[in-house]
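Heads up, the thing below is written out as structure tokens.
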Amino acid sequence: QVQMEESGGGLVQPGGSLYLSCTASGFIFSINAMGWYRQAPGKERELVARVTSGGSTDYADSVKGRFTISRGDAKNTVYLQMNSLKAEDTAVYYCNAMGYGTDYKVFDSWGRGTQVTVSS
């Protein structure tokens with residue numbers, strides 16, 4: 001019922017920037033939170049940044065001051081501005097949304113992921 005579509009990943013040199021975008025679509029009644037998660041080889045998936053419907057944000061300590069999450073005006077989009085990228089940021093980045101569908105059932109939807117590679 002709810003699909004997530006990410007874009008913006010790619011290969012970038014250390015110190016560079018990338019801008020990730022994600023759009024949720026489907027039979028959505030409300031979205032309570034959207035966020036970005038990442039998973040590097042051999043590691044568990046971790047929260048990168050999250051924003052709630054109330055506007056509060058959370059960031060992983062490793063990205064504070066470098067990454068900025070924001071919601072679009074339509075509230076079904078979320079962005080991640082990534083600056084001063086490091087090799088340690090290399091991972092598959094997944095977009096997530098949680099909320100209620102038009103059937104009033106809770107949804108927790110994930111995108112397929114977009115690869116971010118930071119390398120010289």
Item checked: Residues, nucleotides or ligands: over 12 heavy atoms within 6.0 Å of E5 CD -> no

Margin query: If hydrophobic clusters are built by linking Ile, Leu, Val, Met, Phe, Trp and Tyr wherever their side-chain heavy atoms come under 4.5 Å apart, do L18 and M4 end up in the same one?
Written below: yes

Next item on the list: Show your working on side-chain contact (heavy atoms from CB on, under 4.5 Å) between S70 and Q81 and close with a plain yes or no.
Entry: CA-CA 8 Å; S70 60; Q81 177 65 55; over 6 Å; no

Check: Looking at CD of Q13 and OG of S119, how far apart are the two atoms once the value is rounded to the nearest 0.5 Å?
Finding: 8.5 Å

Next item on the list: Look up atom CG in D103 and atom CD1 in I28, then write down how far apart they are to the nearest 0.5 Å.
Entry: 11.5 Å

Margin query: Using side-chain heavy atoms (C-beta onward) and a distance below 4.5 Å, is T114 in contact with L20?
Written below: yes

Margin query: With heavy-atom distances below 4.5 Å as the criterion, would you say the side chains of C22 and W36 are in contact?
Written below: yes

Checklist line | Pairwise side-chain contact, V116 with M82, heavy-atom cut-off 4.5 Å (strictly under) | finding: yes

Notebook entry, point to check: Less than 4.5 Å apart, any side-chain heavy atom of R71 and any of I31?
Noted result: yes

Notebook entry, point to check: Can you tell me how far the CZ atom of R50 sits from the OG atom of S56, to the nearest 0.5 Å?
Noted result: 8.0 Å

Next item on the list: Determine whether F27 and V2 make a side-chain contact, defined as any pair of heavy atoms from C-beta on separated by less than 4.5 Å.
Entry: no

Item checked: Common cluster, V12/V92, ILVMFWY with side-chain heavy-atom separation under 4.5 Å -> no

Note to self: Any heavy-atom pair between the side chains of Y94 and Q39 that's under 4.5 Å?
What the structure shows: yes

Next item on the list: Decide yes or no for V63 and R38: does some side-chain heavy atom of the first lie under 4.5 Å from some side-chain heavy atom of the second?
Entry: yes

Note to self: Is any side-chain heavy atom of S120 closer than 4.5 Å to one of P14?
What the structure shows: yes

Notebook entry, point to check: Quick check: are there more than 12 heavy atoms from other residues, nucleotides or ligands sitting under 6.0 Å from OH of Y100?
Noted result: no

Note to self: Show, in sequence, the C-alpha distance, side-chain angles and deciding distance for V48 and L80, and conclude whether the side-chain contact (heavy atoms from CB on, under 4.5 Å) test is met.
What the structure shows: CA-CA 9 Å; V48 177; L80 186 68; 4.2 Å; yes

Next item on the list: Could you check T90 against E88 for side-chain hydrogen bond (donor to acceptor under 3.5 Å, both in side chains), going step by step and ending with a plain yes or no?
Entry: CA-CA 5 Å; T90 296; E88 305 92 273; over 6 Å; no

Margin query: I'd like to know if the side chain of R66 reaches the main chain of S84, judged simply by a donor and an acceptor atom lying under 3.5 Å from each other, with no hydrogens or angles considered.
Written below: yes

Next item on the list: Output yes when E6 and R112 qualify as a salt bridge under the 4.0 Å nitrogen-oxygen rule, no when they do not.
Entry: no

Item checked: Geometric class of the F29/Y104 ring pair [parallel <30°, tilted 30-60°, perpendicular >60°] -> tilted

Margin query: When you measure from the side chain of N96 to the backbone of G111, do you find a donor-acceptor pair of N or O atoms at a distance under 3.5 Å?
Written below: no

Checklist line | Interatomic distance, N32 atom CG to K75 atom NZ [nearest 0.5 angstrom] | finding: 13.0 Å

Next item on the list: Any chance you could lay out the ring pair (Phe, Tyr, Trp, His ring centres under 6.0 Å) test for Y79 and Y19, step after step, and finish with the verdict?
Entry: CA-CA 7 Å; Y79 308 96; Y19 185 68; 5.5 Å; yes

Margin query: So, taking the atom named OG1 in T57 and the one named CZ in F67, what distance separates them when rounded to the nearest 0.5 Å?
Written below: 14.5 Å

Next item on the list: Check whether W110 and V51 end up in the same hydrophobic cluster, where Ile, Leu, Val, Met, Phe, Trp and Tyr are linked by side-chain heavy atoms less than 4.5 Å apart.
Entry: no

Note to self: Between D61 and K64 (salt bridge meaning N to carboxylate O under 4.0 Å), is one present in this structure?
What the structure shows: yes

Checklist line | Rounded distance [0.5 Å steps], CE in M34 versus OG in S53 | finding: 12.0 Å

